[in-house]
Amino acid sequence: MSPDAADGDTRLWGGRFEDGPAPALDRINRSLPVDWRLWPFELAVDRAWIRELCEAGVVTADTRDHILAGLDAVQARLESGDPAREPDEDVHTLVERWLADEVGEDASQVRIGRSRNDVVATDTRLWTLEACRRVNSAVRDLQEAMIESAGRGVDVAFPAYTHLQRAQPTTAAHWLLSHFWPLVRARDRLEDARARVARLPLGAAAGTGSTVPMDRDRLSGALGFDGPCENSLDAVGSRDWVAEVLFAWTQLAGDLSRLAEDLVIYASAEFGLVRLSDAFSTGSSLMPQKRNPDGAELARARGGTLLGLLAGYLASLKGLPTGYSKDLQEDKRTLFAAEEAVIETLAVLAGTIGTLEFDQSRARDAISPEMLAADVAERLAAEGVPFRTAHEAIGLLVRQAETEDRSLSEYSGEESAAVHPALGALRPEWWDVGSALQRRSVQGGSAPTAVRVQLDRARDGLKG
Ligand code: ARG
């Protein structure tokens, strides 16, 4: 079979083969249905490369300009066309074929001194840098929604849980902001990974380094990288930077799944602490009364989706021999799926949080007096009762109240003292939730005063 596109064969490597690939091989090998998304970066690489070839004296200025004009035409065709449906093996083959439609024989000149191995790693790094920027800005949108919503919950008393059992009082804003700070760390993590993504593979060619003597520092600057990779074999054969970004997204998705789980639970009739807006609730086809948190549930599931993508990808990297192997092609399928999953999750949570309402009275009712038992024990200790005795005495009172089915706050001084003499010092106002909250004014604590400071710090952090 001829390697000529006009004969229906679009391969860049047909020369040494008598026959084309079997359909089963073509099916698994062809990456265009996935990697067509790389075309803007492929064009950027082609443009930078042809300029360097000209600087190195490998092609004339006329050829360079001819190709640059051809690439502009290819770009217009890519923008208005449907590249995913073309018959080519991959995005590199498609772009060169369309370039040949524009400039004829000159098209293949752009391939001198490079390989798809260094080109695809370069394209993918460029895509990843942009994807990280998209994720970063979607995280920021969610953080803004949280800040706005938390602003409405600074004075809303809210139950806090340990082991998902009622534990102590907090505020709605403090709960919501507990999900804000992991997002700050997620953005830091992505920013930190960026430095390792922003290294240029181009110039590594198939793996041993290009035969064209070119200035890789200049090439790196032209494409927006921080500098070239130090070793050409490493440049084409390593994808640890993909795994690192996938981890950053996976940790983020895991953090988001915890927020999503809180939303699902807190919006249930049993808890009733929050209400999801109509726009972020769904109905049931059978049960007309249902108001389902589908968005939050899917956000919860995506934590697992991301984890699976990361684990699968890490496994596919393990044990690969030095240099490029086709296994590496799977990076794009994984990255694209992961980015889509994480961006959709961030968007649905931003909308859900931005329109979230706190049910103040249900939240207040969920703070039962036992949740102040530790506070009361601490107050007794401050009055001079050894803490161990105070803890035990309150424990006895809790047991008594349970047996008598009464609220702790109903016990008079004498009744309490009858349960344990140390409780003689107990004062009824110690069971007040508002004052229990105010006492948590330590930096980072639940008191409205402390939460206002926290909210300001959260806002300041977003300004940068
Ligand atoms: N589609 C390939 C990938 O994504 C491009 C590199 C192909 N290299 C090769 N030697 N066949 O990794």
Side-chain angles (χ1 to χ4, degrees), residues 3 5 9-17 19-22 24-46 49 78 83-99 107-108 110-131 197 199-211 223 229 232-243 245-246 309 312-339:
D9 183 358
T10 57
R11 288 172 296 156
L12 296 175
W13 43 267
R16 59 121 42 239
F17 291 89
D19 221 343
L25 172 58
D26 190 57
R27 180 83 200 262
I28 193 170
N29 193 43
R30 238 169 62 80
S31 55
L32 187 67
V34 173
D35 68 21
W36 64 271
R37 293 172 185 80
L38 294 178
W39 71 255
F41 312 104
E42 180 77 5
L43 293 184
V45 164
D46 279 355
W49 188 249
L78 282 160
R85 300 176 73 91
E86 295 297 322
D88 307 80
E89 180 182 327
D90 54 26
V91 66
H92 324 287
T93 317
L94 169 67
V95 167
E96 188 177 320
R97 181 167 66 81
W98 281 5
L99 184 59
S108 65
V110 79
R111 225 199 295 159
I112 297 173
R114 69 177 209 193
S115 151
R116 283 182 293 170
N117 297 354
D118 60 345
V119 171
V120 78
T122 306
D123 290 359
T124 307
R125 283 180 186 252
L126 287 171
W127 179 91
T128 304
L129 289 171
E130 279 207 354
V197 180
R199 307 303 302 190
L200 175 80
L202 199 62
T208 54
S210 181
T211 52
L223 284 167
C229 297
S232 56
L233 283 167
D234 177 43
V236 298
S238 60
R239 294 289 187 276
D240 52 308
W241 48 276
V242 173
V245 166
L246 285 174
L309 288 168
Y313 190 68
L314 281 172
S316 73
L317 289 187
K318 181 198 155 298
L320 288 182
T322 301
Y324 175 84
S325 299
K326 201 57 181 268
D327 312 50
L328 298 176
Q329 175 165 286
E330 296 286 289
D331 59 357
K332 289 165 287 296
R333 182 185 294 282
T334 308
L335 278 169
F336 298 161
E339 191 220 0

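Heavy-atom basis, side chains included; hydrogens, waters and symmetry copies ignored. Order of listing sets the numbers, starting from 1, for every ligand and every atom in it.
Residue pairs meeting the salt bridge (charged side-chain N to carboxylate O under 4.0 Å, His left out) criterion with at least one partner in residues 113-126, sequence neighbours excluded, are Asp46-Arg114, Glu89-Arg116, Asp90-Arg116.
Scored by the salt bridge (Lys or Arg N to Asp or Glu O under 4.0 Å) test, Arg111 finds Glu96 as partners (sequence neighbours excluded). With sequence neighbours left out, the side-chain hydrogen bond (donor to acceptor under 3.5 Å, both in side chains) criterion links Asn29 to Lys326.
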Which N/O atoms of ligand 1 sit under 3.5 Å from a protein N/O, and at what distances?
unit_1, atom_1, unit_2, atom_2, d
ligand 1, 1 (N), Ser31, OG, 3.3
ligand 1, 1 (N), Gln329, OE1, 2.6
ligand 1, 4 (O), Lys332, NZ, 2.7
ligand 1, 8 (N), Asn117, OD1, 2.9
ligand 1, 10 (N), Asn117, OD1, 3.1
ligand 1, 12 (O), Tyr324, OH, 2.5

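Salt-bridge annotation for Arg239 and Asp331: present, with a side-chain N of the basic residue lying under 4.0 Å from a carboxylate O of the acidic one.
The two residues Trp36 and Pro83 have their closest heavy-atom pair at CE3-CG, 3.9 Å. When every heavy atom of Pro21 is checked against every heavy atom of Leu25, the shortest pair comes out as CB-CD2, 3.9 Å.
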